[in-house]
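The chain is numbered in sequence order, starting from 1.
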Amino acid sequence: MTTTTASQEAGDRTVRKNSPGAARGPRRPGRIKRIGLPYLFLLPALLLELLVHLVPMVIGIVMSFKELTQFYIRDWGTAPWSGLDNYKVTVDFAAPVGKALLDSFFATVGFTLLSVGLCWLIGTAAALCMQDAFRGRGLLRALFLVPYALPVYAAVITWVFMFQHDNGLVNHVLHDQLGITDKPSFWLLGDNAFYALLTVSVWKGWPFAFLIVMAGLQNIPKDLYEAAALDGAGVWQQIRRITLPSLRPVNQVLILVLFLWTFNDFNTPYVLFGKTAPPAADLISVHIYQASFVNWNFGYGSAMSVLLLLFLLVVTGVYLLLTSRGRKTSDV
């Protein structure tokens, strides 16, 4: 009987040792550690994101509800609360402040649509031309990316010298060499400032579109083009029926990123025109800067920034909703 009992106890220990629950028991702390380790690695990035973006955003929202002028800059916390007065002034389009903001908004919308459209068009055309292998393709690809790789200040300040009235390269080519214009133009003043800003923005932005589209083209199987060519499809039919539909997910993200970057662009107009841009090139980012740091009314500037943030959030949400619906419809 003693022998039977000992054998049963040995069998129970063997069953408990080989059971799944017994195997998982000692490993549970290790599994929790493995699951929590990635979040631990992400913690520094989350803290930096909190300090760099979220905290200033909250402070800016608080400032938009204060009567914060040059008299309270030293201690902005003592500025009196104004409630929604700053927002009422900025959206009163019959008043000078609201009218100037509305004009700047329309100028920014027109500039953004043209810049994004031209960047995408030129970048896509260049990427399609660079698909087939030929001698010197690698060098051309590298040269195409130079405007995107250059620092913003170095690139834009070069264009400032090129747009000079008396000794600029643009007037030298258009007026002296080609004779297109009757006289040298002031590219950084008046209505021409819009075209100068658009030129610099497109020159600076299309290489990014070229890079993204070129990466998306690598995922399209060559068999599709070969089969379409055997069926008699020409180049334009292949682009329309194969290339563009295959690039739809890439283009959706690309256009959204270009829109947000261009609409919020501050460096390009600031370096090109200085603190005060001409009305034709008065982008909303520079307009907010002027309201805050030139006119010393941080309450108005903060209210304009919050309205800009809300506008971009709404546009982004509507864009993502429409593109997601279009993707589901195409999948069906």
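By the rule that hydrophobic residues join a cluster once side-chain heavy atoms approach within less than 4.5 Å of another member, Val156 and Tyr195 end up as members of one cluster. Each of Leu121 and Met130 belongs to its own hydrophobic cluster when Ile, Leu, Val, Met, Phe, Trp and Tyr are linked at side-chain heavy-atom distances under 4.5 angstrom. Hydrophobic cluster membership is shared by Leu150 and Val202, with clusters built from Ile, Leu, Val, Met, Phe, Trp and Tyr side chains linked at under 4.5 angstrom. Note on Met63: it does not cluster hydrophobically with Val52, by side-chain heavy-atom contacts below 4.5 Å among ILVMFWY residues. Hydrophobic clustering of Ile, Leu, Val, Met, Phe, Trp and Tyr side chains at less than 4.5 Å, counting indirect connections, unites Ile59 with Leu307.
Atom CG of Asp231 sits in a crowded spot, with more than 12 heavy atoms from other residues, nucleotides or ligands closer than 6.0 Å. Heavy-atom contacts from other residues, nucleotides or ligands closer than 6.0 Å to CH2 of Trp236 number 12 or fewer. The environment of Phe161 atom CZ is sparse: at most 12 non-hydrogen atoms of other residues, nucleotides or ligands sit within 6.0 angstrom. No more than 12 heavy atoms of other residues, nucleotides or ligands lie within 6.0 Å of CZ in Arg240, so this atom counts as exposed by the packing criterion. Other residues, nucleotides and ligands contribute at most 12 non-hydrogen atoms within 6.0 Å of the CZ atom of Phe41.
Of the inter-residue distances, the one linking Leu247 atom CG with Met214 atom CE reads 12.5 Å to the nearest 0.5 angstrom. Here Phe259 contributes atom CZ and Leu312 contributes atom CG; the two are 6.0 Å apart, rounded to the nearest 0.5 Å. Rounding to the nearest 0.5 Å gives a distance of 8.0 Å between CE of Met304 and CG of Asn297. With rounding to the nearest 0.5 Å, the separation of CG in Asp166 from CG in Asn171 is 8.5 Å. Note that the CG atom of Leu188 and the CZ atom of Phe186 stand 10.5 Å from one another [nearest 0.5 Å]. One finds the CG atom of Leu283 at 9.0 Å from the CZ atom of Phe263 (value rounded to the nearest 0.5 Å).
In this structure, Tyr289 and Tyr270 have perpendicular ring planes: the angle between them is above 60°, well past the 30° mark. Using cut-offs of 30° and 60° for the angle between ring planes, the Phe208 and Trp261 rings count as tilted. Using cut-offs of 30° and 60° for the angle between ring planes, the Trp296 and Phe298 rings count as perpendicular. Using cut-offs of 30° and 60° for the angle between ring planes, the Trp206 and Phe144 rings count as perpendicular. Ring geometry for Trp159 against Trp203 counts as perpendicular: the plane angle is over 60°, on a 0 to 90° scale with 30° as the lower cut.
Side chain of Glu67 to backbone of Ala79: no donor-acceptor contact under 3.5 angstrom is found. Proximity of a side-chain donor or acceptor of Ser285 to a complementary backbone N or O of Asp265 within less than 3.5 Å is detected. Judged purely by atom type and a 3.5 angstrom limit, Gln218 has no side-chain atom pairing as donor or acceptor with the backbone of Ala215. Remark: side-chain polar atoms of Asn86 are paired, donor with acceptor, to backbone N or O of Lys66 under 3.5 angstrom. Looking only at distances, no side-chain donor or acceptor of Ser302 sits under 3.5 Å from a matching main-chain atom of Gly299. The closest donor-acceptor contact from the side chain of His175 to the backbone of Thr181 lies under 3.5 Å. In this structure a side-chain-to-backbone donor-acceptor pair under 3.5 Å is present from Thr90 to Tyr87. Panel note: side chain Ser246, backbone Ile242; a donor-acceptor pair is recorded below 3.5 Å. Remark: side-chain polar atoms of Ser104 are paired, donor with acceptor, to backbone N or O of Asp282 under 3.5 angstrom.
Using a 4.5 Å heavy-atom threshold, the side chains of Phe210 and Arg141 count as touching. Counting only heavy atoms from C-beta outward, the side chains of Lys204 and Pro147 never approach each other to under 4.5 Å. With contacts defined as side-chain heavy-atom distances shorter than 4.5 Å, the pair Gln290/Thr276 qualifies. For the pair Asn251 and Val213, the minimum side-chain heavy-atom distance is below 4.5 Å. Two residues are said to be in side-chain contact when any heavy atoms from C-beta on lie closer than 4.5 Å; Leu309 and Met57 meet this criterion. The shortest side-chain heavy-atom distance between Phe65 and Asp85 does not fall under the 4.5 Å cut-off. Side-chain contact between Asn264 and Leu308 is present, with at least one heavy-atom pair separated by less than 4.5 Å. Side-chain contact between Gln252 and Leu256 is absent, with no heavy-atom pair separated by less than 4.5 Å.
Listed here is the closest heavy atom pair of Pro80 and Tyr72: CD-CZ, 3.6 Å. Taking all atoms of both residues into account, the shortest heavy-atom contact from Ala228 to Gln238 is CB-CG, 4.1 Å. Taking all atoms of both residues into account, the shortest heavy-atom contact from Ser292 to Gly301 is OG-CA, 3.3 Å. Taking every heavy atom of both residues into account, Pro278 and Ala193 meet most closely at CG-CB, 3.6 Å. Here the closest non-hydrogen pair linking Gly190 and Ala280 is O-CB, 3.7 Å. In plain terms, the two heavy atoms of Gln131 and Lys222 that are nearest each other are NE2-NZ, 3.8 Å.
Legend: ring-ring contact (aromatic ring centres under 6.0 Å, His included) pairs involving residues 95-115, not counting sequence neighbours, sorted by first then second residue: Phe105-Phe311. A salt bridge (Lys or Arg N to Asp or Glu O under 4.0 Å) check over residues 86-111, counting only residues at least two apart or in different chains, returns the pairs Lys99-Asp103.
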For Asn267 and Tyr153, what are the C-alpha separation, side-chain angles and deciding distance, and is it a side chain to side chain contact (heavy atoms under 4.5 Å, CB included)?
-> CA-CA 8 Å; Asn267 296 325; Tyr153 183 83; over 6 Å; no

Applying side chain to side chain contact (heavy atoms under 4.5 Å, CB included), run through Leu244 and Arg248 and close with a yes or a no.
-> CA-CA 6 Å; Leu244 293 180; Arg248 182 176 299 172; over 6 Å; no

How far apart are the C-alpha atoms of Ile220 and Tyr225, what are their side-chain angles, what is the distance that settles it, and do they pass the side chain to side chain contact (heavy atoms under 4.5 Å, CB included) test?
-> CA-CA 9 Å; Ile220 302 177; Tyr225 295 102; 3.6 Å; yes

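Between the side chains of Ser201 and Ser115, at least one donor-acceptor pair of N or O atoms lies under 3.5 Å. Side-chain contact check for Asp176 and His172: at least one donor-acceptor pair (N or O, by modelled atom type) lies under 3.5 Å. No side-chain N or O of Tyr300 forms a donor-acceptor pair with one of Ser64 less than 3.5 Å apart.
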